[in-house]
Amino acid sequence: MVTSPIRTKEEIEKMKEYYLTKKSYRDYTLFVIGINTALRISDLLNLKWQDVYDTQTRRYKNHIDIYEQKTKKHAMIALNSSCITAFKLLKKNRPFKRSDEYIFSSGKSGYQSLSRNRAYHIIKEAAQASHVEGNISCHSLRKTFGYHAWKKGTPSALIMNIYNHSSIEITKRYLSICQDDKDALYNSMNL
């Protein structure tokens, strides 16, 4: 079964609320960073505080500067206000001692990253509890970014570039653009 993006802002907000109600600040931050950066789960789980926070200036960085694990390509990913707010919330509730600790750590020490399997269950559980439609998994976070960028009118070529896809057709399939999306366009035209 193909992984689905989270299609509505209401569903996104329900999932955020699920994490916040449980005071699962790490999981909330994982979700927010995932849907706002389009990073693969492997790259998300490898993020360390030093990648997003400068301990000398005590300021959050403007970008995540990484080499993606899968493609080995360099990426500069801007951190928007939603990302910074999530990081601040996490840091306040789970302060780190050293900047080389994993942001999404599995324990109190910060030196072991959350496993992909655990991340999958964190996302899946929230989606089910929030009654989110579709096959939701870790990869849904990455797809959600592109789907909502497309819905906002972002040029397909830019989304294709962010995903490092070789064609627009791959990007369209990847974003799971469906009949409902086509229907909404037809119904909105009313020329």
Would you mind checking if E11 and K14 are paired as a salt bridge, meaning a charged N to carboxylate O distance below 4.0 Å?
->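 Salt bridge flag = no for E11 with K14.
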
Salt-bridge criterion met for E133 and R7 (N-O under 4.0 Å) |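 Looking at E133 and R7, the cut-off is not met.
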
Starting from the C-alpha separation in whole Å, work towards a yes-or-no answer on side-chain contact (heavy atoms from CB on, under 4.5 Å) for N164 and K70.
-> CA-CA 11 Å; N164 290 314; K70 183 177 178 182; over 6 Å; no

Look at the side-chain heavy atoms of Ile, Leu, Val, Met, Phe, Trp and Tyr, link any pair under 4.5 Å apart, and say whether [X] and [Y] land in one connected group.
X: F145; Y: I66; answer: no
X: L89; Y: F104; answer: yes
X: L47; Y: I162; answer: no
X: L90; Y: L141; answer: yes
X: Y147; Y: L158; answer: yes

State, yes or no, whether a side-chain contact exists between [X] and [Y] at a heavy-atom distance under 4.5 Å.
X: I103; Y: Y53; answer: no
X: V52; Y: I33; answer: no
X: I123; Y: I41; answer: no
X: K91; Y: T29; answer: no
X: N93; Y: K23; answer: no
X: L30; Y: L114; answer: yes
X: T37; Y: L44; answer: yes
X: W49; Y: T55; answer: no

Give, for atom [atom1] of [X] and atom [atom2] of [Y], the distance between the pair rounded to the nearest 0.5 Å.
X: Y25; Y: L20; atom1: OH; atom2: CG; value: 7.0 Å
X: H121; Y: Q128; atom1: NE2; atom2: CD; value: 10.0 Å
X: S130; Y: E125; atom1: OG; atom2: CD; value: 10.0 Å
X: L79; Y: F87; atom1: CG; atom2: CZ; value: 5.5 Å
X: T71; Y: R40; atom1: OG1; atom2: CZ; value: 5.5 Å
X: H63; Y: C83; atom1: NE2; atom2: SG; value: 11.5 Å

Any idea which heavy atoms bring [X] and [Y] closest together, and the distance?
X: A126; Y: M15; value: CB-CE, 3.8 Å
X: D100; Y: K48; value: O-CD, 3.2 Å
X: D43; Y: Y67; value: OD1-O, 4.3 Å
X: N135; Y: K124; value: OD1-NZ, 3.1 Å
X: V32; Y: S82; value: CG1-O, 3.5 Å
X: T3; Y: K143; value: O-NZ, 2.9 Å

Can you say whether the rings of F31 and Y19 are parallel (under 30°), tilted (30 to 60°) or perpendicular (over 60°)?
->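 Tilted.
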
Would you tell me whether K22 and Y18 have side-chain atoms, one donor and one acceptor, within less than 3.5 Å of each other?
->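 Y18 and K22 do have a side-chain donor-acceptor pair below 3.5 Å.
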
Distance-only side-chain donor-acceptor flag, Y163 / R142, under 3.5 Å |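 No donor-acceptor contact under 3.5 Å links the two side chains.
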
Any sub-3.5 Å donor-acceptor pair from [X]'s side-chain atoms to [Y]'s backbone N or O?
X: T144; Y: I35; answer: no
X: H148; Y: I6; answer: yes
X: R59; Y: D54; answer: no
X: N161; Y: A157; answer: no
X: S140; Y: S4; answer: yes

Do Y60 and K88 pass the side-chain contact (heavy atoms from CB on, under 4.5 Å) test, and can you show the C-alpha distance, the side-chain angles, and the key distance before you say yes or no?
-> CA-CA 9 Å; Y60 288 89; K88 285 179 180 178; 3.5 Å; yes

Side chain to side chain contact (heavy atoms under 4.5 Å, CB included) partner of Y174, chosen from E169, H139, M160 |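 So the option named by the test is H139.
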
Exceeds 12 heavy-atom contacts within 6.0 angstrom, atom CD of Q69 =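 Atom CD in Q69 is crowded, with more than 12 foreign heavy atoms closer than 6.0 Å.
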
Under the side-chain contact (heavy atoms from CB on, under 4.5 Å) criterion, do T171 and S156 qualify, and how do the steps go?
-> CA-CA 8 Å; T171 302; S156 298; 5.6 Å; no

Given salt bridge (charged side-chain N to carboxylate O under 4.0 Å, His left out), test E101 with R98 step by step and report yes or no.
-> CA-CA 6 Å; E101 292 178 28; R98 293 179 37 174; over 6 Å; no

